[in-house]
Structure formats: C-alpha cells, structure tokens
Amino acid sequence: MVSTHNRDKPWDTEDIDKWTVEEFKPEHNASGEPFTEESSFMTLFPKYRENYLKEVWGDVTKALNKHHIACTLDLVEGSMTVKTTRKTFDPAAILNARDLIKLLARSVPLPQAVKILQDDVACEIFKIGNYVSNKERFVKRRQRLIGPQGNTLKALELLTQCYILVQGNTVAVMGPHKGLKVLERVIEDCMKNIHPIYHIKELMIKKELEKNPELKEEDWSRFLPNFKKRNVARKKPKQTLDEQKRGKEKRVYTPFPPEQTPRKVDLQIESGEYFLGKKEKKLKEIQEKKEKQDEMKEVKQKQKEKDYEAPEETVRENKLLKKEKKEKKEKKEKKEKKEKKEKKDKSEKKEKSKKRSSEDDEEKHKKKHKKD
C-alpha cells in the first residue's frame, strides 16, 4: 500500500497555531441532540466550609448555568453534586464542573475556582500527607513550601503562572498544563526534603534562556546549576550518647550466641519458691503485698506531713528600733576602740618603764666595776 504521509495538505498552512485551544460552541455539536446518558459527579466537603458555600452557592449555579449544567448542595449529607442536562452541548463541561466543586471543597475561593471552566485552565490536587510519617517534620516541610510570609509560593506562582493553595494535607494547583507538571515535581521534592529554592533558581534561569532565540535548539544543561548533596553531621541517637557517657567500650564480635537468659521456673528453683506449697506461696504473696503497702503508706504520710509544715515567717522590723540598735552598736564599737587604745597605751608605758629600769641597772653595774 502506498504511504500517504508525504502527500500535500493544502489546508495545513504555516499561519495556523496548532497549540491553541479553541472554544467549543453549540455549532460544533453536529447532531444537535442531547447526550444519551446523564453523567454526574459528587464530592464531600468539610463542615467548616458549610457557611461559605451557603453564601456563594447562588454564584456557583449562575456560572454553571452558562454551560447548561445542574448543581445541588446537600447540607445534611455534606456533599455537592454536578450533572448534565438535556441542554448540555460540551462533553468536557461536566469534567470542568467536577473540578470546580473539588476546588471549592479544598478551600479555594469562588472567584479563583470559577476560572477552571475556561478551556485553557487545568487543575490538580496533590496529596502530601503520606510522604512523611512524623507530624512535626511534615509541618516543617509544608511550611517550607509556603516560605516566610508566603514568598516561595508567590515566586512559584509568578514563574509557573499558576495559582497554588496549601490546605491541610493537600495542595490545590490551577493553571496551564506545563506549570502543573513543574509544580508536581517541586511539591514532591519539597516533601522529600529538597528545598524549593533550588527549583526556583532553575526556573528563573530557564525563563531567561527562553528569551534568547539563538539558544532555542541548544542544550541548556551547561547553564543550569548542579547542586551536590552534602553529608551534614546529624544528631547521634540517645543510646550511643548514653554509652559514651558511661564509658562503655564497643562490643567485640563473637561467633557464639549470647548466654541464654534464665526462665521464670529456673529462678524459682534457685530461690526455693518452686518447692513451696500453694498455701505457702499465697502467704508469701500476701507478705510482699503488705510490705509494698507499708512502703507506700510511709511515702504518702511524708507527703501529707509536708503540707502541715509551718512556713518560715517573715519578721517585721521596726525602723525606730533599727535606729536604736544601730546607735547602741556604734556606742559599743566606740567603747571597744577606746578600751583597746587604753590597753595599748598602758602596755607601751610598762615597756618603756622596764627599758628605763634595765638601762639604770646597767649603768649602776658599770660604775661599780670602775670603782673596783
């Protein structure tokens, strides 16, 4: 059979943009007949969204009536349903309506959620709750995606031209398909402990490279940054730290298994409890219970006695008495000083008199020797 792929196609001209999504109009439905079957979708919503949905539901019905789609809000069951009518002509409209009620259930505001009814806007709800088991770590990583004062989210929205909303265990994203694909990778990596800043840097470089028409057909890998993993020193587990404190040596490997731990029966045989009769065993258990009770009584008694201990009383001091005491102390100190001075003076006088008497005796002795 002759191939037909190289044949001329006069209708396929260069001025046609093959990537544009044309609006689906009633004329495009050639048959003009209603759908053979009614298709419907239902989603549940949390209780905290009930009041908001009540207020907004009128606008939701108006937006969906333009596409000939019926919607109902069940507050008893806590659900929203969307279904096709006999006037519905666009088969994709029901899928857009399904995405609309999903976004409303995930706390996306109505003015933003209504944009999903446009043909060039897609949406995705990513579940991030199962990536991390530890709750504290999950909260930290989710906060890392939002960033300080929501700066990382704003940067990602500008670079991907998408709307992002982080709510609980999900991330709702709206925008073009290309942006959704990029954000899926960013969100997954963020929950796997890779910071979004690396992706933001990469996206910024790609955006600048797109502006240059010369680099359209070239490889961009040489321009993109290569971030290497660093082995950061992590905290040691508690067991190893305790062993270091105690000064335990590392266990030496031996091919032999460890000694078998004694059974309960073996311990009873060693203590002689195994050979006791039933009555004796009961008596022993009663004695042990009594001992434990006595110990607990003593502990509780001490705790009770603590409540009845008299607190230390703060004594009020009279200012006038304080002055009198100070004056008395000063007088005593003066008296003591005077007495000390008098004693010193007396002792000095005695020493002087002794010295004089000794000098006089020496002179007399010398005079006697001279006469002799």
Side-chain angles (χ1 to χ4, degrees), residues 16-24 41 43 63 67 90 92-131 138 141-213 215-221 223-227:
I16 294 167
D17 189 4
K18 293 172 185 177
W19 296 103
T20 54
V21 181
E22 291 180 2
E23 191 182 346
F24 196 87
F41 293 98
T43 52
H67 299 271
D90 186 2
I94 188 68
L95 300 175
N96 292 336
R98 176 201 62 184
D99 293 338
L100 172 66
I101 57 172
K102 270 188 186 177
L103 291 166
L104 287 169
R106 293 314 307 148
S107 297
V108 177
L110 180 68
Q112 183 63 40
V114 167
K115 290 177 185 177
I116 198 66
L117 298 172
Q118 298 169 14
D119 290 327
D120 58 337
V121 179
C123 81
E124 194 73 48
I125 294 165
F126 302 107
K127 291 178 182 178
I128 56 172
N130 300 327
Y131 284 100
F138 166 74
R141 288 182 189 179
R142 187 180 62 182
Q143 189 59 37
R144 197 181 289 168
L145 185 65
I146 298 161
Q149 297 173 353
N151 286 334
T152 49
L153 266 187
K154 284 173 191 172
L156 288 166
E157 282 178 352
L158 289 166
L159 291 165
T160 57
Q161 295 175 352
C162 291
Y163 170 81
I164 309 163
L165 180 83
V166 181
Q167 174 72 15
N169 292 340
T170 57
V171 180
V173 182
M174 283 177 68
H177 288 282
K178 194 180 176 183
L180 294 182
K181 211 169 187 183
V182 171
L183 284 170
E184 186 181 0
R185 186 171 147 230
V186 173
I187 291 158
E188 274 184 22
D189 286 351
C190 183
M191 297 315 291
K192 288 175 183 175
N193 204 21
I194 297 165
H195 205 283
I197 195 72
Y198 300 124
H199 292 290
I200 288 165
K201 282 181 180 178
E202 200 174 295
L203 289 165
M204 284 169 79
I205 292 161
K206 280 180 180 177
K207 203 170 186 181
E208 289 296 316
L209 292 168
E210 279 172 6
K211 292 174 185 176
N212 194 346
L215 299 168
K216 265 187 179 180
E217 294 177 1
E218 286 188 29
D219 185 21
W220 291 354
S221 59
F223 301 109
L224 300 172
N226 290 322
F227 300 105

Can you tell if the side chain of [X] reaches within under 4.5 Å of the side chain of [Y], non-hydrogen atoms only?
X    : Y    : result
Y198 : C190 : no
Y131 : E188 : yes
V171 : L165 : no

[Y] backbone acceptor or donor facing [X] side chain under 3.5 Å:
X    : Y    : value
E124 : E184 : no
R141 : M191 : yes
R142 : G168 : yes
N151 : P148 : yes
W220 : L215 : yes
T170 : F126 : no
R144 : P196 : no
T160 : G179 : no

(message) Is there a side-chain contact (heavy atoms from CB on, under 4.5 Å) between C123 and V173? Walk through the geometry before answering.
(response) CA-CA 6 Å; C123 81; V173 182; over 6 Å; no

(request) For residues I116 and M174, report the shortest heavy-atom separation together with the two atoms involved. (result) N-CE, 3.8 Å

(request) Grab the two heavy atoms, one from L180 and one from A122, that are nearest each other, plus how far apart they are. (result) CD1-CB, 3.7 Å

Just verifying a value: how many Å separate [X] [atom1] and [Y] [atom2], rounded to the nearest 0.5 Å?
X    : Y    : atom1 : atom2 : answer
I200 : I205 : CD1   : CD1   : 12.0 Å
L110 : K115 : CG    : NZ    : 11.5 Å
L159 : K154 : CG    : NZ    : 14.0 Å
K178 : C162 : NZ    : SG    : 11.0 Å
Q167 : I125 : CD    : CD1   : 11.0 Å

(message) Between the side chains of E202 and K206, is the shortest nitrogen-to-carboxylate-oxygen separation below 4.0 Å, so that they form an ion pair?
(response) yes

(request) Only counting residues at least two apart or in another chain, list the ones meeting side-chain hydrogen bond (donor to acceptor under 3.5 Å, both in side chains) with N130. (result) none

(request) Please identify each residue that fulfils ring-ring contact (aromatic ring centres under 6.0 Å, His included) with F223, with sequence neighbours left out. (result) none

(request) Show your working on side chain to side chain donor-acceptor pair (under 3.5 Å) between H199 and D189 and close with a plain yes or no. (result) CA-CA 9 Å; H199 292 290; D189 286 351; 2.9 Å; yes

(request) Before giving the answer on side-chain contact (heavy atoms from CB on, under 4.5 Å), spell out for L104 and L100 the whole-Å C-alpha distance, their side-chain angles and the decisive distance to 0.1 Å. (result) CA-CA 6 Å; L104 287 169; L100 172 66; 4.3 Å; yes

(message) Apply side-chain contact (heavy atoms from CB on, under 4.5 Å) to residues T152 and I197 and explain how you reach the verdict.
(response) CA-CA 8 Å; T152 49; I197 195 72; 5.7 Å; no

(message) Which residues pass the side chain to side chain contact (heavy atoms under 4.5 Å, CB included) test with N169, not counting sequence neighbours?
(response) F138

(request) Would you indicate whether D17, at its atom CG, is surrounded by more than 12 heavy atoms from other residues, nucleotides or ligands within a distance under 6.0 Å? (result) yes

(request) Please lay out, stage by stage, how E208 and L203 fare under the test side-chain contact (heavy atoms from CB on, under 4.5 Å). (result) CA-CA 9 Å; E208 289 296 316; L203 289 165; over 6 Å; no

